[in-house]
Structure formats: C-alpha cells, structure tokens
K.L.:
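Have a look at this one.
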Amino acid sequence: MPTIDLKTAGPFVALLLIFGIGILVSDAFLSAGNLTNILARSSFIGIVAIGATFVITAGGIDLSVGSLAAFISGCMILLMNSLVDTIDSPIAIVLLAMLASVGIGAVAGLVNGLLTTRAKIEAFIVTLGTMGIYRSLVTYMADGGTLSLNFGIGDVYSAVYYNTLFGLPYPVWVFLAVAVIAYVLLNMTVFGRHCFAVGSNENVARYSAINVDRVKTATYILQGVCVAIATIIYVPRLGSASGQTGILWELEAIAAVIIGGTVLKGGYGRIWGAVVGALMLTLIGNILNLTDSVSNYLNGAVQGIIVIVAVYLQRGSWRKH
Amino acid sequence: MPTIDLKTAGPFVALLLIFGIGILVSDAFLSAGNLTNILARSSFIGIVAIGATFVITAGGIDLSVGSLAAFISGCMILLMNSLVDTIDSPIAIVLLAMLASVGIGAVAGLVNGLLTTRAKIEAFIVTLGTMGIYRSLVTYMADGGTLSLNFGIGDVYSAVYYNTLFGLPYPVWVFLAVAVIAYVLLNMTVFGRHCFAVGSNENVARYSAINVDRVKTATYILQGVCVAIATIIYVPRLGSASGQTGILWELEAIAAVIIGGTVLKGGYGRIWGAVVGALMLTLIGNILNLTDSVSNYLNGAVQGIIVIVAVYLQRGSWRKH
Amino acid sequence: MTATATSNPIVLSLRNLRKAFGAVTVLQDIDLEIRAGEVLALLGENGAGKSTLVKILAGFESVTAGELLLHAVAAEGNVRVDAHWQQARAEAEGVILIHQELNLVEQLTVAENIFLGHELTRGPFLDKFTMRRLTREYLAALECDIDPDTPMHTLAVSAKQMVEIAKTQSKQARVLILDEPTAVLTQKESQVLFALIERLRQQGVAIVYISHKLDEIAQIADRITILRDGTLVGHYAAQDLSQDDMARLMVGRELSDLFPPRSSTPDYQQCALRVTRLLVAGTNTPVSFELQRGEILGFAGLVGSGRTALLETVVGLRAAARANTGTLEVADKPVVLRDLATARRHNIAYLTKDRKGSGLLLDKGLVMNFSLFALSNYAGLLIHKKQEEVALAAVVDAFDIRIKDANVLAGNLSGGNQQKLLLAKMLAAKPSVLIFDEPTRGIDIGTKGQIYQFINQLAASGHSIILISSDITEIIGLSDRVAVMYHGDLTGILKDDEIEEHEIMRYATGLKSRQQIPVPIQRAIG
Amino acid sequence: MVPSTLVAQTIGVSIPAATHGWAGGLNYHAEQTKARLEAAHPGLSIVIVTAGSASEQANDLEDLVAVHNIDALVILPFESAPLTGPVSNVKRGGVFITVVDRGLSEPGIQDVYVAGNNTEMGRVSGEYIKEALGGSGDIVVLRGIPTVVDEQRFDGFMASIAGSGINVLDNQYANWNRDDGFTVMQDFLARFPKIDAVWAQDDDIAIGVIQAVRQAGREDDLFIVGGAGMKEIVKRVMDGDRLTPVDVLYPPAMISTAMELTALKFIANMPVEGEYILGSPLITRDNAEQYYFPESPF
Ligand SMILES: Nc1ncnc2c1ncn2[C@@H]1O[C@H](COP(=O)(O)OP(=O)(O)OP(=O)(O)O)[C@@H](O)[C@H]1O
Ligand SMILES: Nc1ncnc2c1ncn2[C@@H]1O[C@H](COP(=O)(O)OP(=O)(O)OP(=O)(O)O)[C@@H](O)[C@H]1O
Ligand SMILES: [Mg+2]
Ligand SMILES: [Mg+2]
C-alpha cells in the first residue's frame with residue numbers, strides 16, 4: 001500500500017529536506033570531512049535514542065540517560081586511572097573499562113526497571129530520581145570539578161573515536177552495528193514483538209501470558225547498555241567527565257525517537273526512525289554553525305521551528321492513512 | 001472505603017514525613033519566616049503544576065512552561081519599561097503588564113493546543129519546540145544578558161511578592177486562590193469531567209459528544225494562563241528576566257504533578273496532589289539548605305532518593321486498593 | 001439437581017468454590033465437572049458470575065476458597081491446583097479461554113495477534129513465514145477470508161472475534177472455554193464456529209460454552225449448568241431442557257413474551273429524520289431514507305454491510321465522502337451534523353456497538369460513565385453530584401443493572417451490565433431520535449424482553465428509533481419498517497408483510513434490490 | 001594551502017551560549033568586537049559559534065575547521081579538560097590558537113592565553129571581607145556550579161581567610177543564578193541569626209541575595225561581595241550602596257582582548273604569542289566609574 005510507504009518514508013523525507021537546506025546554505029556542507037563529522041557526532045545521541053526506542057515502545061520513559069552517561073564516564077575514567085599502575089597494557093585497561101561500562105549500564109537499567117515494575121512507581125519519577133542521583137554522584141566523584149583520563153591511556157583510547165575504517169570513523173560503525181542489531185531485536189524476535197504488545201496494551205499482553213514486568217525491565221536494561229556503548233565512544237573524544245557531561249541528552253534522545261515516528265504513549269517503535277531523528281537533530285546544529293545569517297541567540301528558536309515543521313511534514317503523510 | 005482514603009492521603013503522609021525530617025534537622029525550620037518562605041517559593045512551581053495537572057489529566061504534556069515563563073517575564077519587563085514615559089501611574093503600568101501577561105500566556109497555550117490537536121503533532125515535540133523558541137526569544141530580547149525592570153516600577157510592583165495579608169505573603173494567597181478555582185474547575189464542572197474523559201479514552205469521549213480537540217486545547221490555554229499568573233508573582237521578586245529564568249520548571253512542575261498522584265498517561269488528576277507535590281519539592285530543597293550534614297555535591301542525589309521514596313510510600317498504600 | 005452421568009473422563013473440576021472481590025462475594029458453593037469430549041453450556045443472567053467462573057478455570061482469577069482439581073489424562077490421580085493456578089500454567093495444561101471482551105493488540109497484525117505470547121521461532125528469530133502460513137490455515141478453517149498482515153484496528157468487530165477464535169487453534173487445547181463468542185458474529189459465522197466446536201469435541205476436547213442465545217445452547221450443548229446470582233441452580237442434560245425451561249431456571253420466574261405487541265403506530269405525516277443522497281466515505285452509492293415520528297426503523301444486513309458506517313456518518317462521528325452532496329433534515333429542517341455534540345443538540349443520540357472501545361470509560365466509576373453524554377443535564381455552573389447519583393440510582397433500577405458494589409469500575413461490570421449502563425448513558429440525554437447499534441449484544445434473555453418493552457414504550461411516546469441489529473428476530477419482532485443494506489448500499493426498505501426472514505436475506509445478500517438510485521457520475525472537485 | 005597575508009583570513013570564535021549573565025556579557029562583547037574588527041579590516045571574517053555544553057563545543061570546533069576553514073581560533077572552553085583534545089586537534093591543522101579564561105589541561109597547545117584569574121578573584125574577595133570585618137566574623141558563601149572555575153575561586157577565597165577569625169557558617173551552590181541566590185540566601189537567613197558578610201561569588205547570585213536580605217530586613221547587619229562586574233552591581237558600588245560596598249572584577253570583555261590580539265597577528269603580522277593574565281581588581285566607589293558599561297547587557 002502506498003500510504004504505508006509514505007508513513008515509513010516520512011522521517012526520511014524530512015531528513016532529505018534538511019539535507020537540502022544544508023547544501024543551499026554552504027558549499028562546505030557536502031565536504032567529506034563535514035559529513036563524517038555529522039555522522040560521528042550523531043552516533044552518541046543515536047545510540048542512546050535506539051535504547052530509548054525500546055523503552056518508549058514498551059510504554060516507558062527514561063530521563064536518566066544523560067546523567068547515567070556522565071556517571072559511567074566518571075566510573076570508567078576513575079577505573080582506568082587506577083589501573084594504570086597495576087596493569088601494563090593500556091589496551092587491556094581500556095577493554096576492562098569498556099566491560100565495566102556495560103556492566104554499570106545494565107545494572108542501572110535493571111534498577112530503573114525494578115523500581116518501575118516491582119515498586120510500581122511511575123517511570124517518570126523513578127528516572128527523574130535516578131537522573132539526580134547519577135549526576136550528583138559524578139559531581140561527588142569529581143569533587144565538583146572534572147575527572148580527566150590518564151594521558152597515556154587517553155592516547156591509546158582516542159583511537160576509538162578518531163580512527164577510521166573504510167573512511168568512516170569507528171563511532172559510525174558502532175552506531176550502524178547497534179542500529180542493525182536493535183532493528184533485528186525489535187522487529188524480528190519474540191522480545192521485540194512483546195515490546196510492541198506491552199506498550200500497546202498491557203492487559204492484553206498479560207492475558208497473552210507475556211511477562212510484562214520482565215519485558216519492561218529488559219527494555220530499561222537495554223537502554224542502560226546503549227548508554228554504556230554511547231559512553232564508550234564518548235569518553236575517548238573528550239577524555240573527561242564532570243557534572244556537566246551529558247546534560248539534556250535525555251530530551252534530545254526522546255526527541256530523536258519521536259521525530260522518527262515512534263509513539264510516546266507506546267505500542268509503536270521504529271529503530272530507523274530514531275537513527276534518522278538523531279541525524280536530523282545533529283544536522284540542524286551543524287547547519288546553524290554553517291551560516292551566520294541567524295543570530296546565535298536565536299539558534300534555539302530555529303531548532304525548535306525546524307523540529308516542529310519536520311514532524312509536521314511526516315505527520316502530514318500519516319494522515320492520509 | 002479506608003483504602004481510598006489512604007490513596008488520597010498518600011501524598012499528605014509523605015509531605016508530613018518530610019516535614020518531620022525538617023523539624024529534626026534544624027531549629028530554624030519551624031520559624032515563621034522559614035515557613036512563609038517555603039510557601040511563597042512553592043507558589044511558582046505550584047501554580048504552574050496546577051496548570052500541568054489539567055494538561056496531563058487530559059492526556060497531554062507541556063514542556064514549554066519554563067521558557068514561556070521566561071518569555072512572559074521578558075515581555076512584561078520590556079512593556080513596563082517602555083510605558084514608564086507615557087503613563088504616569090506605576091500601578092496602571094503594572095496592571096497593564098499583568099493583563100498582557102495573561103494574554104500572552106493564553107495565546108501561547110492556544111498555539112501549543114492547536115499544533116497538537118489540529119496539526120496532530122505529538123505534544124512532546126510541539127512543546128519541546130516551543131520551549132526552544134521562547135527561550136531563544138527571551139535571550140534575544142535581552143541581548144544575551146538580563147532584562148531589568150525599571151527601578152521605580154519595580155518598587156511599586158515588588159509589593160506583590162513581598163507584602164503580606166494576614167501574615168501570609170500575597171503569592172501564597174494567589175496560590176491558594178488558583179488551587180481552589182482549579183479544584184472546582186477540575187472536579188466540579190463539566191469541563192473538568194471532560195478532561196478526565198479525554199485523558200482516559202479519547203474515543204469514548206468523542207462518542208460521548210465531547211469535542212476532544214477543544215478540551216485539549218483548553219487545557220493548554222489554562223496551562224498558559226497559569227504560567228502567566230506564576231510569572232506575575234515571579235517578576236516582582238527579582239525584577240529581571242534572562243535566558244536562565246524558569247529553567248527546568250517544566251520538569252519540576254511535572255514531577256510535582258506526578259508526586260501528587262496524577263497519572264502521566266492521563267485520565268486521572270488531582271489538584272491538591274500538585275499543591276502537595278510542589279510543597280514537597282520546595283521543602284526538600286529547603287531542608288538541604290538548612291543542614292550541612294549532606295555534602296553539597298550530593299544534594300541532587302538526596303533529592304532524587306527522597307522523591308522516589310516519597311512516591312513509593314504513597315504508592316504503597318495504593319496497592320492495597 | 002441430578003448430574004447427568006456420562007462416562008467421559010473428567011478433565012477439570014471445582015468443589016465448593018467461592019470467589020470474592022474485596023468484600024463482595026460473586027460466586028459461592030459452586031461444584032462443577034468438566035469432561036472431555038463434551039460441550040458444557042453455562043447459563044445465567046447478566047452478572048450471574050459466568051465470566052468470573054471461567055476466568056478462574058483458565059487461571060485469570062484466583063480462587064478465594066474451595067478446590068480446583070486438575071485430573072490427569074489417565075483419569076487417575078487428580079491434583080489440587082487452586083493455590084497456584086495461573087494462566088501460564090493453565091495454558092500449558094491446555095485450558096484455553098476466549099474472553100467475553102476481545103483481547104487483541106490493536107496495533108499488531110492478525111498473524112501477530114494469533115501467535116502473541118507463543119510466537120514461533122526459527123533459531124533466535126521470529127518465523128514470520130510459518131506464522132503467516134498457519135494463520136491463513138486457521139482462518140481458512142473458519143471460512144474467514146482475512147489477510148494475516150492486516151492491522152487489527154482496521155477489522156470490524158466480527159472479524160476480530162473470528163481472529164480470537166482462530167487464536168485457539170494455535171494452541172493445544174484440552175479444555176476450550178468460549179465466553180459469548182457469538183455475540184458479535186453473524187449466523188453464518190456462528191455455524192462455522194459450531195462446526196469447529198463439533199470437530200474439537202470429536203477429538204475429545206472439553207468445551208465450556210457461554211451464550212445468551214438459547215437456540216445455540218439447544219443446538220450444541222451436551223450438558224447445561226445454570227447459575228443464578230453467583231450460586232448454582234443445577235446441572236442438567238441438554239435434552240432434558242427446553243429453551244423455555246432454560247430461561248425460567250436462569251431468571252427464576254416465568255417469562256412473558258419476548259416481543260410484546262406494538263401498542264402504537266408511527267405517525268407517517270411527521271418526518272423525524274430525513275437523509276437524502278448521503279455519500280458515505282468509502283462507498284460510491286448515495287443513500288436516502290426517512291425516519292418517521294414514533295417509528296422503529298430496523299437496519300438489517302450482514303456484518304460489514306455498512307450500517308454502522310452510514311449512521312455514524314449521519315450523526316457526524318465520521319466524515320462523509322469528499323464528493324458528498326447529500327443533505328440531512330431533522331424535523332423537516334435542514335441541518336449539518338458536524339459532530340455528535342451537534343447531533344445531541346438536535347436531540348439525536350447514538351448508541352455505539354463497541355462498548356469497550358468507544359462506549360465506556362473502563363477505568364472510571366458508574367456515575368461518571370452514566371452522565372458523560374448528557375452532562376449538561378446534571379450541571380449548571382457546577383455539576384450537581386446528588387442529581388447525578390439520584391438519576392443513576394433510578395436507571396440502575398429501571399434497567400436492572402446488577403451491581404454488588406457501588407464503587408465498582410465500569411470495566412469490572414459484567415458484559416451485559418456494561419451494555420445496560422451504556423443504554424442508560426445514551427438515554428440520559430432524553431433524545432427524541434435514538435439510534436441503537438446492536439443494543440442487546442450480550443444481554444440475557446430476561447432483560448432482553450425488558451429492553452424490547454422499553455423500546456416499544458419509547459416509540460409509543462413519540463420517539464423515533466433506528467435499530468441496527470444482527471439478530472434478525474429482533475429486527476422482525478420490533479421494526480415498523482426494515483431497511484436492508486448490502487455492500488454499503490441501501491438495497492431496500494421493507495414494510496408490513498415483506499418483513500420476513502427470507503425476504504430480508506434476499507436484500508441483505510444482494511439478490512434483490514429495490515432502490516435503483518443511479519450513481520452520480522459527476523465528482524465534486526476537491 | 002599556504003597561509004598568506006593576501007588571502008582573506010577567517011577567525012573562528014567559540015564560546016559558551018548566553019545562558020547566564022556573565023556569558024551573556026561575553027556574547028555581547030564578542031559580537032561588538034566582531035562588528036568592529038570586520039568593519040575596520042575588510043579581508044577579515046569572524047565566525048562566532050556558541051555551545052550549550054562541552055560536547056557541543058567540540059562539535060563547533062569540528063565545524064569551524066571542516067566548514068569555515070579557519071586560520072585562527074579564539075576559544076573560551078566550556079570546560080577545560082574535555083576540550084583539550086579537540087583544541088589540540090584543531091592546532092594540528094595549523095590553526096593559530098587563542099585560549100580565553102579557562103586554560104587547557106595540557107601546556108603548549110595555545111599560542112595566546114588571555115585569562116582572568118579565578119584564584120585571584122577568590123583571594124581578593126576574601127582579603128576584602130577579612131579586612132572589612134576586622135579579621136573576625138561569621139559569613140556565608142554562595143557558590144556557582146560545581147566546576148573547576150568555582151573550585152578555583154572557592155579555594156582562593158578559603159586560602160585568603162585561612163587562619164583569620166573569619167568563620168564560614170556554610171556554603172551552598174547557587175548555580176550562578178538569581179533565583180537560586182535568592183532561595184539559598186533566604187534559607188541562610190532563616191538558619192543563621194548572625195551573618196556579618198556574604199560572599200556571593202557572582203553578581204547574578206548577588207542580585208538574588210540582595211533581595212533576600214532586604215526581605216528579611218537585615219540590610220544593616222551585613223554586606224555582600226559579588227563578583228564579575230555586572231553593570232547593576234557596579235552602579236550600586238558607584239552610588240555608595242552600603243549593602244554592596246565593593247565588587248570584584250572578572251570582565252567578560254576579556255573576549256574582546258583575545259579577539260583583538262588574534263586579529264593583530266594577521267593584520268599587523270606581529271608576534272603576539274604569550275600569556276595575558278588580567279587581574280581581578282577590587283571595584284570600589286572610587287574607581288567604579290571606569291568599570292561601568294551601561295549599554296552592555298551585563
Ligand atoms: N474485578 C472485579 N472487581 C469487582 N467486581 C467484579 C470484578 N469482576 C467481576 N465483578 C463482578 O462480579 C459479578 C459477576 O460478573 P461476571 O462478569 O462473571 O458476570 P457474567 O455472568 O459473565 O455476566 P454477563 O452475562 O453480563 O457477561 C458482577 O457483579 C461483576 O460486577
Ligand atoms: N477491511 C477493512 N478495512 C478497513 N476498515 C474496515 C474493513 N472492514 C470493515 N471496516 C470498518 O469497520 C467498520 C465496520 O462497520 P460497518 O459499517 O462496515 O459494518 P456494519 O454492517 O455496520 O457492521 P455491523 O453489522 O457489525 O453493525 C466500518 O467502519 C468499516 O469501515
Ligand atoms: Mg460475562
Ligand atoms: Mg552553535
């Protein structure tokens with residue numbers, strides 16, 4: 001059916017439009033350097049947004065992702081710095097830190113999940129609470145300042161952000177891999193199917209012998225792991241963590257998810273939508289940097305307008321449905 | 001039924017607990033000065049939260065309230081400063097500005113409402129967009145700095161925040177009045193009933209001859225007006241507005257609403273809950289300022305934990321139901 | 001209370017069961033035996049506790065007191081399971097329940113719904129291909145022509161019910177429980193279902209069947225168990241009971257004639273509602289009809305023939321086709337009904353057939369649901385809560401809504417009582433033109449008579465009524481005239497002697513058509 | 001790409017977005033300087049980008065290089081540590097680097113360093129309070145946002161009063177924000193019956209503190225020392241307000257200095273490398289006039 005195609009294509013069309021604006025605004029926009037920059041940049045929010053797609057599809061919400069990212073960054077840096085003296089190989093240290101990162105992410109997700117499903121507290125409150133907790137903890141860990149990665153390790157680790165494979169930086173490959181895996185998970189496995197069912201109608205899901213609590217908890221764990229992966233490619237970029245790291249990532253991630261066509265009330269989610277949404281947000285920021293026809297003070301306004309219009313355009317095609 | 005009572009009483013019990021902690025923590029807590037401070041302070045978030053209760057009850061969400069407050073503050077200040085030379089009476093100027101404030105708030109709410117209902121864009125995206133727009137506009141209006149109210153007018157206007165009536169500052173009375181009116185509106189009128197119906201099941205509402213779009217739009221307008229009222233009592237406090245004004249009010253207001261027992265997915269709302277939620281959040285901040293037994297860095301964590309526990313305690317009584 | 005002795009082995013049994021919700025007991029002293037290869041019918045008035053009972057059997061509700069026993073296939077050694085009888089366990093043991101209300105995920109497709117909770121996989125992945133193929137097979141066995149990839153929300157209710165039924169074939173049932181499966185099905189579809197039930201019975205599956213349609217019970221049941229107000233009336237062999245016996249035992253008194261004679265005739269001089277050349281979205285034949293004052297105009301047709309679509313368009317709940325040029329007159333004055341609120345202002349009310357999806361706020365109490373449509377009648381500046389409660393109490397009485405707990409949520413009412421509440425909600429607006437879409441769906445036989453009587457009285461007092469129903473005896477028994485639809489087209493309006501089952505069916509299946517209104521060639525340019 | 005003085009030169013300026021008063025002043029001065037320099041030197045083009053966070057600023061740097069092909073970068077890092085890597089990346093592309101205010105975590109990256117001195121600012125504030133209170137008294141401290149800047153100021157302050165009779169009753173974060181300044185001060189006033197002085201660390205916070213003190217009617221019991229040189233506070237100092245007898249300068253206009261120095265490198269082809277550390281003079285009634293810019297937003 002053509003209408004279904006339009007509906008799926010909506011975010012892509014909006015993305016193309018913004019891309020077109022970019023081309024018009026600056027010659028440099030299409031340079032290889034700029035394009036890879038955009039891709040690498042959007043990978044953080046993109047990966048977080050992919051996790052958020054699961055949570056939102058299953059009817060939840062997670063506001064703690066930004067501060068969880070900061071907290072994991074902090075933990076990774078402290079861990080690596082403390083291992084410098086005991087382990088010789090910087091690569092081994094980095095790998096250990098990556099493992100720890102995923103572990104912390106998973107546990108944090110589990111905590112969010114259990115608090116919402118077992119303790120039956122609204123996800124909004126739980127994750128608003130954990131958001132405050134992680135942010136405080138990282139400030140505490142950094143003594144109010146900034147945690148910096150040991151220079152030697154940073155040098156080795158920075159390859160993860162800056163090196164390229166077939167012309168594309170590693171983060172882009174990671175982003176792609178996460179997207180493909182998530183796509184398969186959401187659309188081709190039992191678990192993904194259950195996410196849709198739980199988000200769409202919890203009672204029906206329960207009546208269909210689906211363990212609703214387990215599915216929901218699993219989405220939070222996935223979100224935690226996605227944040228951990230995003231952090232793994234974030235830390236080598238800036239090599240530090242502070243109370244300011246990852247601020248407002250949660251809003252950006254949720255915006256990306258919804259721009260991509262996932263429904264905030266749950267029951268319908270699209271991984272590619274989240275990817276497109278993340279790209280779109282990054283593109284808007286990039287384009288605003290390419291031109292000085294807009295006062296810097298008004299960046300936020302232009303961003304807001306473009307997001308609303310982009311979503312409107314894709315909804316326009318929905319409504320024919 | 002006693003369980004229903006417990007459910008209603010939940011937030012009050014949690015509030016009392018926190019109050020108890022306050023008494024334990026500091027002698028100064030119970031001083032009349034401190035208590036009126038708390039009340040006056042919570043009136044901003046409280047009034048905004050009361051508006052949010054309508055929006056959320058009817059199944060929507062409004063993230064733009066904080067930046068709308070900043071924008072309205074800015075407009076009021078610019079208006080008053082520009083009228084100084086033409087109108088002699090400062091009181092007339094202040095009254096005009098108050099009128100303008102309510103007008104702007106209502107129009108802003110109308111815009112949010114129409115974009116969600118007519119253009120059929122997710123409320124989250126619409127209000128995230130307008131949030132960016134208003135915040136940018138106020139930064140632009142202030143040239144990146146701060147707009148300050150003309151000194152003469154500020155002197156007259158400041159009475160609105162600092163003067164008292166029967167020992168309580170005006171903002172507290174405004175808060176009380178808004179709460180009472182909102183309570184009546186939500187629980188005792190046709191409109192309020194329709195808010196519940198629309199949030200509970202839009203389709204059933206439509207089949208009950210309710211104009212769903214109009215009800216939803218009206219809730220956004222109410223929210224806008226509440227923000228305007230909150231701003232009217234906010235501006236005289238510091239007499240200034242900047243890009244920083246009202247930052248994160250949206251999260252605080254939504255948190256207050258949900259702490260009070262309103263359901264984020266819509267269909268169930270409690271005005272007194274929002275009032276109690278706002279008081280609770282203000283109390284926590286106050287208590288943390290009254291003690292130095294908690295490391296400053298960990299304020300956010302303590303706040304997060306208390307909010308989660310408070311909501312858990314009241315949910316605990318829900319579950320008996 | 002003589003239980004009929006059959007030799008079939010017992011699969012599941014209940015002893016001395018009691019079930020309470022909070023302080024309210026809804027079932028007590030229930031003994032029951034479910035035997036393989038047998039159709040056991042459960043009968044009872046609305047709210048008697050049938051649905052609750054079968055939910056307990058299938059593990060959706062817990063047992064408050066008493067024993068639930070699972071009998072081993074070998075007929076020896078039965079296990080008491082009531083303490084830990086959960087749905088997953090029940091399903092593993094082959095106890096499958098089709099709920100009274102649809103339990104489908106609207107956003108998922110037909111195939112996805114059918115395998116929800118027990119998806120087929122190949123390796124770690126969903127085996128979509130096989131699930132689609134099996135879905136097609138299951139639906140074919142039900143003579144149901146639906147594409148497995150159709151999103152659920154686009155299906156009509158009867159199709160959804162068929163999907164529910166198809167769902168059971170994807171599970172290995174030892175006990176299949178059907179709670180009012182035919183309430184939303186046509187006769188033809190019902191017969192297909194009965195054939196399936198018969199096949200399963202032959203294979204030794206135990207069937208528990210709930211319905212308010214007594215002719216169906218007579219057709220398929222081996223044994224009948226009757227409940228009244230949460231207690232057991234008795235177990236009977238089906239051949240021992242006539243339909244009258246069943247009704248009498250259920251209700252506990254003699255029933256008067258189901259269709260009382262009409263005490264009034266319509267006033268054919270006064271037109272209450274005139275629809276002229278209305279073009280419904282998705283159709284290409286404009287429709288015209290008139291409703292007279294004091295008339296009951298029946299709308300017959302097969303499910304999906306477009307009756308709901310037509311009347312929802314009339315009252316403004318749906319947009320008409322873009323090319324629509326039709327007009328609408330209420331009491332001879334032209335009107336435009338933009339939405340239901342406008343219709344209500346013209347004293348028109350519409351009763352939806354989808355009580356769960358668009359009828360009631362399931363998470364709200366009775367008062368709020370009851371007054372929602374006509375709220376302004378109970379409100380000045382403020383809502384008069386006392387007035388609301390008094391009015392509700394009156395209709396609870398008038399419609400015999402069985403509530404054991406005044407604070408019950410609408411979603412926890414029994415299906416039939418929900419339907420009554422919905423009727424009351426619509427009538428609270430005191431409309432003069434009433435459009436009933438399947439008004440007696442899920443209503444017990446005793447109450448049905450009361451509702452028919454009520455509709456008659458409304459007509460006698462000058463109200464004009466449109467009655468959409470898939471129950472052809474209901475249409476024939478009540479209507480002054482019968483409009484018949486086929487494929488979105490109004491094929492005929494029958495009067496007097498023409499109102500007869502076979503004639504209606506001829507129009508309903510397109511064999512006959514009277515109104516030959518030419519299709520307009522010109523299309524309005526949008 | 002051979003750098004040449006004949007080719008048009010582009011200077012990229014990367015600063016934090018105008019999210020609080022001081023940053024607002026920064027943005028204002030940056031825009032003013034851009035207009036002035038571009039008008040005076042036709043070959044010169046200046047691109048200002050603003051960021052809301054460290055990672056956004058890293059993005060901005062990439063864009064300045066990839067898209068605008070900058071020859072020089074003037075940067076006021078959002079935070080020091082996270083931007084050290086990105087700035088050194090820019091440097092590797094042969095770009096002239098001017099760092100403003102917050103030094104990078106590694107030496108040798110920047111060509112020019114223009115900065116205020118946070119430790120000095122804390123110290124000057126502390127010295128004044130110590131002296132004004134005659135060596136002993138009870139004070140409260142309202143800090144900014146937990147960052148290195150805040151830490152340096154605080155440490156400088158504490159070091160300067162160490163060993164004296166000055167007793168810090170408590171310190172709390174007020175997030176460089178008027179509302180938080182008001183709230184925290186209200187609570188301090190409720191909690192401590194005797195406060196002799198307040199160090200507000202920043203003038204935005206000070207504005208909130210002033211209102212709270214006035215509300216409590218304790219204007220005559222204490223005085224407030226803010227920081228940065230916001231025009232409203234400087235005006236009060238100039239007018240001899242008892243409540244705010246002094247202010248401590250931390251000028252947002254340092255961005256102008258940095259931009260001008262960088263431009264000079266191209267225009268005059270002068271060697272401008274080196275460190276330019278601006279002091280944090282005490283603004284008193286006597287010298288306030290020279291620090292008062294009524295047309296600036298800050
Ligand atoms: N979850 C619940 N909470 C409270 N009361 C309930 C709940 N579920 C059912 N009831 C009550 O139990 C009684 C029996 O309901 P049940 O649905 O079993 O009736 P039924 O025989 O199936 O009626 P119908 O023919 O109308 O479907 C009703 O009074 C109903 O309101
Ligand atoms: N295949 C389909 N795709 C989309 N919508 C459908 C499909 N089949 C039916 N519908 C919709 O489902 C609704 C079913 O009601 P419809 O008016 O067609 O039948 P009806 O004769 O009134 O039904 P009933 O006899 O059950 O009252 C209609 O709104 C129709 O548009
Ligand atoms: Mg039932
Ligand atoms: Mg920018």
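Convention: sequence-line order gives letters A, B, ...; per-chain numbering from 1.
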K.L.:
Sort out for me which of D:Ile48, D:Asn59, D:Thr147, D:Val148 touches chain A most, counting heavy-atom pairs under 4.5 Å.
P.N.:
D:Asn59
K.L.:
Could you have a look at A:Phe44, A:Tyr234, A:Phe29, A:Phe151 and say which one has the most heavy-atom pairs with chain D under 4.5 angstrom?
P.N.:
A:Phe151
K.L.:
Are the side chain of D:Glu151 and the backbone of A:Gly145 linked by a donor-acceptor contact shorter than 3.5 Å?
P.N.:
no
K.L.:
Counting heavy-atom pairs under 4.5 Å to chain D, which of A:Ala28, A:Ser240, A:Gly246 comes out on top?
P.N.:
A:Ser240
K.L.:
Is the number of heavy atoms from other residues, nucleotides or ligands under 6.0 Å of A:Tyr140 OH greater than 12?
P.N.:
no
K.L.:
A quick test of your reading: do over 12 heavy atoms of other residues, nucleotides or ligands sit less than 6.0 Å from CD1 of A:Ile91?
P.N.:
no
K.L.:
Tell me, side chain or backbone of D:Glu79 under 4.5 Å from chain A's heavy atoms, or both, or neither?
P.N.:
side chain
K.L.:
Where does A:Ser31 contact chain D at under 4.5 Å (heavy atoms): side chain, backbone, both or neither?
P.N.:
side chain
K.L.:
Just by distance, with hydrogens left out, do A:Asn34 and A:Asn286 show a side-chain donor and acceptor under 3.5 Å apart?
P.N.:
yes
K.L.:
Does a salt bridge link A:Arg41 with D:Asp63, judged by any charged N lying under 4.0 Å from a carboxylate O?
P.N.:
yes
K.L.:
Answer yes or no: is there a donor N or O on one side and an acceptor on the other, between the side chain of D:Gln57 and the main chain of D:Thr50, under 3.5 Å?
P.N.:
no
K.L.:
Please classify the contact between D:Ile46 and chain A as side chain, backbone, both or neither, with a heavy-atom cut-off of under 4.5 Å.
P.N.:
backbone
K.L.:
Kindly determine whether D:Arg36 and D:Glu31 satisfy salt bridge (charged side-chain N to carboxylate O under 4.0 Å, His left out), including the steps that lead there.
P.N.:
CA-CA 9 Å; D:Arg36 197 166 41 189; D:Glu31 293 287 350; over 6 Å; no
K.L.:
For the pair D:Trp22 and D:Tyr250, name the ring-plane relationship: parallel under 30°, tilted 30 to 60°, perpendicular over 60°.
P.N.:
tilted
K.L.:
Between D:Pro86, D:Ser55, D:Ala17, which residue shows the highest count of heavy-atom pairs closer than 4.5 Å to chain A?
P.N.:
D:Ser55
K.L.:
How about residues 87-106 of chain D versus chain A: which residues have heavy atoms under 4.5 Å apart?
P.N.:
D:Asn89, D:Glu106
K.L.:
Under a 4.0 Å N-O cut-off, is there an ion pair linking D:Arg123 with D:Glu120?
P.N.:
yes
K.L.:
For chain A, which candidate among D:Val47, D:Leu64, D:Asn27, D:Ile145 shows the most heavy-atom pairs at distances under 4.5 Å?
P.N.:
D:Asn27
K.L.:
Of all the heavy-atom pairs spanning A:Ser148 and A:Asn81, show the shortest one and how long it is.
P.N.:
O-ND2, 2.9 Å
K.L.:
Answer yes or no: is there a donor N or O on one side and an acceptor on the other, between the side chain of A:Trp173 and the main chain of A:Leu168, under 3.5 Å?
P.N.:
yes
K.L.:
Name the region of A:Ile247, side chain, backbone, both or neither, that has any atom closer than 4.5 Å to a heavy atom of chain D.
P.N.:
neither
K.L.:
Out of D:Gly85, D:Pro82, D:Ala54, D:Ala58, return the one with the most heavy atom pairs under 4.5 angstrom to chain A.
P.N.:
D:Pro82
K.L.:
Does any backbone or side-chain atom of A:Asp143 lie under 4.5 Å from a heavy atom of chain D? Answer side chain, backbone, both or neither.
P.N.:
backbone
